[in-house]
Amino acid sequence: MFDLTESDRIFRTQGEENYRQYQEAHKNDPLSEGVAFSFIKRLLSLNDLSPAGAIDRGRSAVS
């Protein structure tokens, strides 16, 4: 869902300790959208198509 290419590259090429330092240094940076982001966003928007109150999130569909 998010693009973690850079942190993955650091982990694979520089090891866990440098990866941890990178993560700590960038912990407040917003993550970039990855390839699945738009798909998940569209999938979640299906909730907006249902009539209000049609889905009771506290109950199972089979109860």
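Start at 1 with the first residue, then count along the sequence.
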Would R9 and E6 satisfy salt bridge (charged side-chain N to carboxylate O under 4.0 Å, His left out), going step by step from the backbone distance to the final call? CA-CA 5 Å; R9 183 191 64 76; E6 182 62 16; 2.5 Å; yes
Do F39 and V35 belong to the same hydrophobic cluster, where Ile, Leu, Val, Met, Phe, Trp and Tyr are linked whenever their side-chain heavy atoms lie under 4.5 Å apart, directly or via other members? no
Are I10 and L4 joined in one hydrophobic group, where the rule is that I, L, V, M, F, W and Y side chains link up if heavy atoms are under 4.5 Å apart?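 Different clusters.
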Which pair of heavy atoms, one from F2 and one from L31, lies closest together, and at what distance?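 Smallest interatomic distance, heavy atoms only, reads CD2-CB, 3.7 Å.
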Of all the heavy-atom pairs spanning Y19 and S7, show the shortest one and how long it is.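 Result for this residue pair: CD1-O, 3.3 Å.
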Which residue pairs pass the salt bridge (charged side-chain N to carboxylate O under 4.0 Å, His left out) test when at least one of the two sits in residues 26-41, sequence neighbours left out? E24-K27
